[in-house]
Number of protein chains: 2
Amino acid sequence: MVRRSIPDIVVGRLPVYLRALSFLLAEGRQITSSQELGDRLGISSAQIRKDLSHFGEFGKQGTGYDIAFLYDQLRQILKVDRMWDVVLVGAGNLGKAIADYGGFAGKGFMITAIFDNDPDKIGKPMGINNLIVRDVSELANAIRSSEIKIGIIATPARDAAAVAKAMAEAGVKAILNYAPITITVPAGVRVQYIDPVVGLQRMTYYL
Amino acid sequence: MVRRSIPDIVVGRLPVYLRALSFLLAEGRQITSSQELGDRLGISSAQIRKDLSHFGEFGKQGTGYDIAFLYDQLRQILKVDRMWDVVLVGAGNLGKAIADYGGFAGKGFMITAIFDNDPDKIGKPMGINNLIVRDVSELANAIRSSEIKIGIIATPARDAAAVAKAMAEAGVKAILNYAPITITVPAGVRVQYIDPVVGLQRMTYYL
DNA sequence: TAGATTGTTAATCGATTAACAATC
DNA sequence: TAGATTGTTAATCGATTAACAATC
């Protein structure tokens, strides 16, 4: 059987489903339905069932979905049933906030190295894991020796392209880019963008 | 003539075009083409032309687009050719990083009030504009009296729903939500989400 | 003029939804 | 069994792309 490749847009919704399931779990709930999930997330129940059907059958007719089971299944599918080492470049205000963020650990990610090009920042401890900020010139070697696959860019826009290039050449395959600029990466490398200005400007049109 | 409503997905790309144009401007360039823009952004030139065509004719056959002109036009379309007051709720690590961020001012946004529910934070100055953090109980009145339309939520997940509700009831129509939870808002209120975990989990599937 | 690029049309491609048989 | 909800199909809806006349 040829496993038809799954649309990016479907994969992109799974983390949102996962997050909702995690809240349901925390509320002590056992069972949910595509209807309930859809209501919570503002999407149709049909879409949730269709999305999940790409990966298998996870529910029971007449009953719905076992929350803990579906949660585990989605974590496996998304490969966040493990810990991923993440490298962070940029130790300014934003980098510090990211390094201080406590929300990664429970979701499959751990920042294990922080880099900057500012001599005033290099050598100082940062973040919840008290990592020593290292010189960005060591970035490529650090990625290679630890086989790190995930990078976060929190530099000014002007440095982002060079950092992305260095990351990709050293073997990073997934980049979370906080710099407000579109970056070009080789095929096989994925980028997700976080830009609050873009978020805000997507809404002002409707005001 | 009935102005056919423009797809959200098209509006959503305009800020990205705007950002690219802003870089071209900064490089001192005069003219660009849908081809060049597309190459930079990793999308097809046809899509750029089609997107722009929803709003008017901005280019010249044989030549392309005047960068400064198109930049101005998109700023008008997106209504970021003015300054929007923005209210920020949450003065923790994340809220502080947002308040310290210097990238809003040039893009149409200014944080003019910050709220928290922690007595240790209330009354202290914060951010690049040295705003005094206020008690979240004053939030609704502050929004109403200043007619603020845009809010940023940077609270823990457990508080986000209540804050969103208060914002919407007081007249906010656009919410940038950093809390890692889907929020429900009345019709006519828009939400954009910023969740780094979702961003990362959208990529691990492919690793 | 010759070359280049737009704006737009029509075709293609892909995503969402409605509906329902299957079945718990 | 009766009621509920899944998984899936087919239809609908919407977005993207290719192609090209228009025209600068």
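What you see is a predicted model; the values in this text were computed from it and never measured. Chain A is the first sequence line, chain B the second, and so forth, proteins listed ahead of strands; every chain is numbered from 1.
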Chemist: Closest nucleotide of DNA chain C for A:Gly62 versus for A:Pro7: which of these residues is on the 5' side?
Modeler: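 Looking at DNA chain C, the more 5' nearest nucleotide goes with A:Pro7.
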Chemist: Let me know the distance between CD of B:Gln73 and P of C:dG7, rounded to the nearest Å.
Modeler: 12 Å
Chemist: Taking any strand in view, what nucleotide pairs with C:dT16 in a Watson-Crick or G-U wobble way, both distances under 3.5 Å?
Modeler: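 Its partner is D:dA11 (Watson-Crick or G-U wobble, both distances under 3.5 Å).
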Chemist: To the nearest Å, give me how far apart CZ (B:Arg49) and P (D:dA19) are.
Modeler: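 Whole-Å distance recorded here is 12 Å.
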Chemist: When you measure from the side chain of B:Ala46, which nucleotide among D:dT17, C:dA22, D:dA22 comes out closest?
Modeler: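 Nearest listed nucleotide: D:dT17.
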Chemist: Can you say whether the rings of A:Phe104 and A:Phe109 are parallel (under 30°), tilted (30 to 60°) or perpendicular (over 60°)?
Modeler: perpendicular
Chemist: Please tell me if B:Tyr65 has a side-chain N or O lying less than 4.0 Å from either OP1 or OP2 of C:dG7.
Modeler: yes
Chemist: Just the rounded figure in Å: distance from C1' of D:dC24 to CD of B:Glu57.
Modeler: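 Answer to the nearest Å: 13 Å.
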Chemist: Given atom CZ of B:Phe69 and atom C1' of C:dT6, what is their separation to the nearest angstrom?
Modeler: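 These atoms are roughly 14 Å apart.
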Chemist: Taking atom P of C:dG7 as reference, at what distance in whole Å does atom CG of B:Leu52 sit?
Modeler: 7 Å
Chemist: Are A:Ser33 and D:dT5 close enough that a side-chain N or O sits under 4.0 Å from OP1 or OP2?
Modeler: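 No, A:Ser33 has no side-chain N/O under 4.0 Å of OP1/OP2 on D:dT5.
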Chemist: Any luck finding a side-chain donor-acceptor pair between A:Ser45 and A:Arg49 under 3.5 Å?
Modeler: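 Side-chain D/A pair, A:Ser45 to A:Arg49: present.
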Chemist: Taking the side chain of A:Ile9 as its heavy atoms from C-beta onward, which of D:dT17, D:dC20, C:dA15 lies nearest to it?
Modeler: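 Nearest listed nucleotide: C:dA15.
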Chemist: Could you tell me the separation between the CD atom of B:Gln35 and the P atom of C:dT6, rounded to a whole number of Å?
Modeler: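 For the pair B:Gln35 CD and C:dT6 P, the rounded distance is 9 Å.
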Chemist: Should the pair A:Arg190 and B:Tyr206 be classed as cation-pi, given the thresholds of under 6.0 Å to the six-membered ring centre and 45° from the axis?
Modeler: yes
Chemist: Would you say B:Thr63 reaches D:dC24's phosphate, i.e. side-chain N/O to OP1/OP2 under 4.0 Å?
Modeler: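 For B:Thr63, the contact criterion (side-chain N or O under 4.0 Å from OP1 or OP2 of D:dC24) is not met.
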Chemist: What is the distance, to the nearest angstrom, from the CZ atom on A:Arg13 to the P atom on C:dT17?
Modeler: 9 Å
Chemist: Suppose we define a pair by two distances each less than 3.5 Å, Watson-Crick or G-U wobble; what does C:dA21 pair with here?
Modeler: D:dT6
Chemist: Starting at CD1 of A:Ile48 and ending at P of D:dT6, how long is that distance when rounded to a whole Å?
Modeler: 9 Å
Chemist: Would you say the side chain of A:Lys60 lies within less than 4.5 Å of the side chain of A:Ile31, judging by non-hydrogen atoms?
Modeler: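 They are not in side-chain contact.
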Chemist: Measuring to OP1 and OP2 of C:dT16, would you say a side-chain N or O of A:Gln47 lies under 4.0 angstrom away?
Modeler: yes
Chemist: Look at the side-chain N and O atoms of A:Ser34 and state whether any lies under 4.0 Å from the OP1 or OP2 oxygen of D:dT6.
Modeler: yes
Chemist: Applying the side-chain contact (heavy atoms from CB on, under 4.5 Å) test to A:Ile98, which of A:Ile152, A:Val86, A:Leu176 qualifies?
Modeler: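 The option that passes is A:Ile152.
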